[in-house]
> 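After the structure tokens below, expect a handful of questions from me.
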Amino acid sequence: MIHSLFLINNAGDLFLEKHWKSVISRSVCDYFFEAREKAVEPDNVPPVIRTPHHYLINIYREKIFFVSVIQTEVPPLFVIEFLHRVAETFQDYFGECSESTIKDNVVIVYELLEEMLDNGFPLATESNILKELIRPPTILRSMVNTITGSSNVGETLPTGQLSTIPWRRAGVKYTNNEAYFDVVEEIDGTYNYDPVTKILVWDIGKLNPQKLPNLKGSLSLQSGAPKPEENPSLNIDLKIQQLAISGLKVNRLDMYGEKYKPFKGVKYVTKAGKFQVRT
């Protein structure tokens, strides 16, 4: 599936590459650089770029482009989700996902990528499993590894590797179990557009299930502006208070083991991360 992975900073410098099946030349990234020059903002770079012999699927996280090289057609969202998992793993291990941090821990980075992908296919992506396979870096462990020549690779198979719940370590016990439910969803109302920031805010107010709100608009270019080569994309961020669009509701809420009479309540919220709509 994934043949190679390239990490590129905002300046266009390729500072790390990893190959799983075969070594693919860095020149394949020239197609990505062309798309980056056409995009006004880094977030506007097309997530899927087609080349004569490859597909480049990329994400932009923490001022770093994660560019994967694919030779056959695969579900793009599957690859995009894996790239986000890689960035989140770096964040979990090193405290931040930045170019300097990745360069300072380049050995662990390569060890993690080797475990997360097996012959181009995702293998171990859960944090608990990875931390048993590759121990997180510490100052003391780094000193010991330098003196003894050892590495951060674990010697035993993770306890949750073959578990039906891979994200949970085996033998975990808690004094009490707590469950939290957040149902978050917002939609028809007034809108306000700021021509400076180019952000349109649509405050819908109360949502009427019988008449779903919709917003229509047209795009106009400034006088003398050249026509864009591609249709523009819209960046959307959605948040809805006191509503669950899915229709999911909590029918009953019980709490045990408390001497006082607790307040029981459920808050519904619908949230959506940033996503793009292609026009």
Side-chain angles (χ1 to χ4, degrees), residues 1-8 14 16-26 28-29 31-36 39 42-93 97 102 108-134 158 160-168 230-231 233-238 245-246 270-279:
M1 189 177 74
I2 299 178
H3 282 250
S4 301
L5 175 65
F6 298 96
L7 301 190
I8 304 172
L14 198 159
L16 187 139
E17 61 183 279
K18 170 65 177 173
H19 307 279
W20 283 274
K21 292 189 175 183
S22 59
V23 177
I24 296 179
S25 174
R26 290 186 172 192
V28 72
C29 294
Y31 298 95
F32 169 80
F33 293 137
E34 292 178 3
R36 174 67 182 90
D43 292 331
N44 294 335
V45 177
V48 181
I49 302 172
R50 184 177 180 180
T51 73
H53 304 288
H54 305 88
Y55 294 94
L56 304 182
I57 301 180
N58 69 91
I59 65 170
Y60 182 68
R61 291 280 299 264
E62 305 296 336
K63 300 182 180 180
I64 298 176
F65 289 99
F66 293 74
V67 183
S68 61
V69 182
I70 316 294
Q71 287 189 334
T72 58
E73 290 191 13
V74 298
L77 291 179
F78 184 74
V79 180
I80 290 174
E81 173 63 23
F82 174 77
L83 295 179
H84 280 292
R85 184 60 62 91
V86 171
E88 291 166 359
T89 300
F90 292 166
Q91 175 78 28
D92 187 26
Y93 262 72
C97 180
I102 292 175
I108 298 179
V109 167
Y110 277 108
E111 291 174 345
L112 287 171
L113 293 176
E114 194 66 33
E115 295 294 342
M116 296 183 72
L117 219 62
D118 180 26
N119 197 31
F121 292 88
L123 178 62
T125 58
E126 295 294 339
S127 178
N128 284 332
I129 294 178
L130 287 171
K131 287 182 178 179
E132 293 188 55
L133 288 169
I134 310 296
Q161 182 75 34
L162 303 179
S163 171
T164 56
I165 311 177
W167 51 265
R168 183 185 176 98
E230 300 178 354
N231 293 337
S233 59
L234 305 177
N235 295 324
I236 299 178
D237 187 8
L238 176 67
I245 291 182
S246 60
T270 297
K271 294 181 180 178
K274 293 183 179 179
F275 60 94
Q276 290 185 342
V277 175
R278 301 287 174 174
T279 61

> Within a strict 4.5 Å, meaning less than it, do heavy atoms of the Val74 and Tyr55 side chains meet?
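No, side chains not in contact.
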
> How many angstroms lie between CD1 in Ile49 and CG in Asn58, if you round to the nearest 0.5 Å?
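Here the interatomic distance stands at 5.0 Å.
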
> Hey, is NZ on Lys63 packed in by over 12 heavy atoms from elsewhere, all under 6.0 Å?
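No - once you tally the heavy atoms of other residues, nucleotides and ligands closer than 6.0 Å, there are 12 at most.
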
> Could you tell me which non-hydrogen atom of Ala124 sits nearest to which non-hydrogen atom of Leu133, and how far apart they are?
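For Ala124 and Leu133, the tightest heavy-atom pair comes out as CB-CD1, 4.2 Å.
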
> For the residue pair Ile102 and Ile64, establish whether any side-chain heavy-atom pair is separated by less than 4.5 Å.
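Yes, side chains in contact.
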
> Could you tell me whether a side-chain N or O of Tyr93 sits under 3.5 Å from a main-chain N or O of Lys131, the two making a donor and an acceptor?
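The answer is yes, because a donor-acceptor pair under 3.5 Å joins these two groups.
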
> Closest approach of Pro76 and Ile57, non-hydrogen atoms and distance?
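Heavy atoms only, the tightest pair is CA-CD1, 4.0 Å.
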
> Contact between Leu5 and Val69 at the side-chain level, heavy atoms closer than 4.5 Å - yes or no?
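With C-beta onward as the side chain, the pair stays apart.
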
> Is there a side-chain contact between Ile24 and Gln71 in this structure, where contact means two heavy atoms from C-beta onward sitting under 4.5 Å apart?
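They are in side-chain contact.
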
> For the CD atom of Glu126 and the CD atom of Glu132, what is their distance to the nearest 0.5 Å?
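Rounded to the nearest 0.5 Å, the CD-CD separation comes to 12.0 Å.
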
> CD/Glu34 to OG1/Thr51 distance, rounded to the nearest 0.5 angstrom?
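The distance works out to 10.5 Å.
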
> Take the angle between the ring planes of Phe66 and Phe90 and call it parallel below 30°, perpendicular above 60°, tilted in between.
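Plane angle between 30° and 60°, so tilted.
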
> Return the CZ to CZ distance between Phe121 and Phe82, rounded to the nearest 0.5 Å.
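That separation rounds to 12.0 Å.
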
> If the test is side-chain contact (heavy atoms from CB on, under 4.5 Å), which one of Leu123, Thr89, Ile134 qualifies with Met116?
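Only match with Met116 under side-chain contact (heavy atoms from CB on, under 4.5 Å): Thr89.
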
> To check you understand the geometry: which heavy-atom pair defines the closest contact between Leu56 and Val28, and what is its length?
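The answer is CD1-O, 3.5 Å.
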
> Which class fits the ring pair Phe65 and Tyr60: parallel under 30°, tilted 30 to 60°, perpendicular over 60°?
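Tilted: the ring planes of Phe65 and Tyr60 meet at 30° to 60°.
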
> Pairs in or reaching into residues 74-84: which pass side chain to side chain donor-acceptor pair (under 3.5 Å), with residues at least two apart or in two chains?
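Counting only pairs at least two positions apart or across chains, the side chain to side chain donor-acceptor pair (under 3.5 Å) contacts touching residues 74-84 are Arg61-His84.
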
> So how far is it from Met1 CE to Thr72 OG1, rounded to the nearest 0.5 Å?
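Interatomic distance, Met1 CE to Thr72 OG1, rounded to 0.5 Å: 9.0 Å.
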
> Where do Ser4 and His19 come nearest, in terms of heavy atoms and distance?
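In this case the closest contact between Ser4 and His19 is OG-ND1, 2.7 Å.
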
> Identify the heavy atoms of Pro47 and Ile80 that sit nearest to each other, and give their distance.
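That closest heavy-atom pairing would be CB-CD1, 4.1 Å.
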
